[in-house]
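Report on one structure; see the data block that follows.
Reckoned from all heavy atoms, side chains included, excluding hydrogens, waters and symmetry mates. Chain naming here is simple, since letters A, B, ... match the order of the sequence lines and numbering starts at 1 in each. Note that the structure is a prediction, hence the values are computed from the model and not measured.
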There are 2 protein chains.
Amino acid sequence: MKRITIRDVSERAGVSTAAVSYVLNGREGKVSQETASKVRRAASELNYIPDFSARSLAGTRSKLIGVVIPQTEDQKQLLLQNPFYSELVCGIEARLRQSGYHMILSGVDKGEGYLDTSMQRNLDGAIIMGIYQESFYDDLKRVKVPIVLIDSYVNDSYFQTVSIDDEAGGYMATKLLIDNGHTNIALVTGLIRKDGVVEKRFLGYKRALKEAGLFYNSDYVFEHSVSYEYGQEAAAALAAGHPEITAVFATSDLVALGVLRGLSDAGKRVPEDVSVVGFDDIPVARMCNPPLTTVRQNIVARGAMAADRLLKAIEEGEDSVADDPSVARLELAIRQTVQRLMPN
Amino acid sequence: MKRITIRDVSERAGVSTAAVSYVLNGREGKVSQETASKVRRAASELNYIPDFSARSLAGTRSKLIGVVIPQTEDQKQLLLQNPFYSELVCGIEARLRQSGYHMILSGVDKGEGYLDTSMQRNLDGAIIMGIYQESFYDDLKRVKVPIVLIDSYVNDSYFQTVSIDDEAGGYMATKLLIDNGHTNIALVTGLIRKDGVVEKRFLGYKRALKEAGLFYNSDYVFEHSVSYEYGQEAAAALAAGHPEITAVFATSDLVALGVLRGLSDAGKRVPEDVSVVGFDDIPVARMCNPPLTTVRQNIVARGAMAADRLLKAIEEGEDSVADDPSVARLELAIRQTVQRLMPN
DNA sequence: TGATTTAAGTTAAACGCTTTAACCAAATCG
DNA sequence: CGATTTGGTTAAAGCGTTTAACTTAAATCA
């Protein structure tokens, strides 16, 4: 399939290639209405498709966005198995496509090497999900291209963020349990790093307890990793060691699912014996058995927000960047894993 | 960040840019060991990163692979929510990255417009999942670039495929149920199109029945769409209309999960009253309650296979393409949704 | 020894596009 | 009426690579 170039179009329209370029890039005022329409006609008759490599080389936009998600430690695979990330990617892709951009999706190895990718491909911008080591963010800044962070509390005004109020979410979940009469409420969660998503949710948990006049008992927090397996493990430990616990707040649905299984294996019924609330509302949350009560964030919408912000920054230049972080809305998805505690 | 070009490297090494290019692309024999190492040193001292746009323009490989997955009808979003696709993408991405390629992930609108993308970006190849209208494949062929199809029985030797033995899988699932004493076995499935994945599984189902001397009863096949919702719906219908049914084969785990819910809503217990077997073994299959017995295909591995095939075709040229389709292995994942039927 | 092949590099064109400086009428001005 | 502006257009210079064609020097051969 022979490539149709801008030159072919210009010849057909009887104008110069520059004129064609002007028309096709919407440089108003540089060209008369008449030639503009001649050019457009020629282009569509020839079925002209611009070559983005050439465009990119010539110094304009590549219309390529880098999207980074964490990868599994062992296999070096994308963490796309985590529905949370897939959903985000869905939201991002749809919005980018709609604006004529394409997405290069990749995992990064310990935060290294992405600088190369970015330069090789002349990326116009990037969306980064997850948390990486410091040096990764330094690299990112050196590329001098707009960047949006999702799920990250990196404190640097260079980056834009699209976040949720994790603290409020943690509070909502815990409050729901308290309102249902629970007082011994466990927290099952990934590692609580300083300034991480998880820490905020943890803080919300503590605030709710305090507000209700309940003691915060550090024996009730099970903290390790964000995975189904850990949820299961923690539930087993908790059922065995703390029979007085009647409710669990898991800071991620994936973990909550594990908790469900762990409790069931330990002979506890949900929600009769123990209530459980998760966080995220990934699609499985409503498919599992019993359907999981959880804190819903509209993940797809959040992806779209991130894309919007990025595109805005790219197209309207640095100046347009709002430095208030976008904060997506949160609500409770009440399903069947929380039950009022019957005083016995 | 000023871009370091091949010219900078050449000057530093005291050779021509051509020499640098030869060295960096491993053109053996064009250049002496001595200059080669001078060049390499210079390149690494300057931290040279080649510009892929320029490479692509100059007529060599873009090192970009297009990956296409279906999108939802309504929202125009990627169907990445379906874990089956996410897993494939994981496998593909890991392998591509490892070989220095990048992936442009996108959905296509009714099979249209992808030709453009492909030409704009000078894609080196593409991996297509799902099934599209005829014209899409015609477009694909016109780009003259290697293409691997996943989950598609398009009968055209131009395309390479990475498939599984769907018929055998359908047979395995059904046989498992028969071996457990079931005779009234329903099939819940997406639309059975001619030459589709689903048809093959359906054929396996029929073969197992026939082989066991059981009647094929078309009232027992519930055929509509591959979704949780439909599984739920079908299960309701089946429980209400055919109480004699004691087992269900769902041709996809997503559907099977719906069936689980539908049965439970209808007051049927799984596996005590009705046994269920799914297909795919997506991660949720082991997380749901009870854990789903299903036909396992190693989805991630299949993605990797697809990537391997594609890279081979790209790097070793057309001639190297094996025209035997790769067929991935299948096995039963026995969990807790199938029970021996007690004669009453 | 002289002719010929080979090895090691270099030069310069090409890839398809954007963009700037220059150009040319035609219109406007003093 | 000559000088200046202006709207419209063009030719040409990159952008960073690759590669075919060419050069030169050294090695091989008869």
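- When DNA chain C is scanned in the 5' to 3' direction for atoms under 4.0 Å from non-hydrogen atoms of chain B, the outermost contacting nucleotides are C:dA8 to C:dG16.
- Judged purely by atom type and a 3.5 angstrom limit, B:Ser118 has no side-chain atom pairing as donor or acceptor with the backbone of B:Leu123.
- Note: CD (A:Gln120) to P (D:dT17) measures 11 Å, nearest angstrom.
- Of the possible donor and acceptor atoms, one in the side chain of A:Glu93 sits under 3.5 Å from a partner among the backbone N and O of B:Gly107.
- Straight-line distance from the CG atom of A:Leu57 to the P atom of D:dT17: 8 Å, rounded to whole Å.
- Counting any heavy atom pair closer than 4.0 Å across all strands shown, B:Ser16 reaches a base atom.
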What does the list of N/O pairs under 3.5 Å between the protein and nucleotides 21-24 of chain D look like, with a distance for each?
none

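- Salt-bridge formation is not detected for the pair B:Asp124/B:Lys63: no Lys NZ or Arg NE/NH1/NH2 atom is positioned less than 4.0 Å from an Asp or Glu carboxylate oxygen.
- Listed for the A:Thr161 side chain is no donor-acceptor partner under 3.5 Å among the backbone atoms of A:Ser163.
- Taking atom CZ on A:Arg121 and atom C1' on D:dG16, their separation rounds to 15 Å, with Å as the unit.
- Counting only distance, with no hydrogens or angles, the side chain of B:Ser32 and the backbone of B:Thr35 share a donor-acceptor pair below 3.5 Å.
- The closest donor-acceptor contact from the side chain of B:Tyr132 to the backbone of B:Met129 lies under 3.5 Å.
- In the region residues 4-13 of chain B, proximity to DNA chain D at under 4.0 angstrom, judged on heavy atoms, holds for B:Thr5, B:Ile6.
- Among the heavy atoms of the strands, none lies under 4.0 Å from B:Leu24.
- Although no hydrogens or angles enter the test, the distance criterion places a donor-acceptor pair under 3.5 Å between the side chain of B:Ser37 and the main chain of B:Glu34.
- The residue B:Thr35 sits close only to the backbone: its heavy atoms come under 4.0 Å of sugar-phosphate atoms, none of a base.
- Nearest-nucleotide positions on DNA chain C for B:Val15 and A:Thr60 put B:Val15 closer to the 5' end.
- Using a 30° and 60° split on the angle between ring planes, A:Phe136 and A:Tyr114 fall in the perpendicular class, above 60°.
- Between the CG atom of A:Asp51 and the C1' atom of D:dC15 there is a distance of 13 Å, rounded to whole Å.
- Taking the charged nitrogens against the carboxylate oxygens, B:Arg3 and B:Asp8 have no contact shorter than 4.0 Å, which rules out a salt bridge.
- Two residues are said to be in side-chain contact when any heavy atoms from C-beta on lie closer than 4.5 Å; A:Arg95 and A:Asp308 meet this criterion.
- With DNA chain D read from its 5' end, the first of the two nearest nucleotides for A:Lys38 and A:Thr17 is the one closest to A:Lys38.
- Using a cut-off of 4.0 Å between Lys/Arg side-chain N and Asp/Glu carboxylate O, A:Asp151 and A:Arg302 are scored as salt-bridged.
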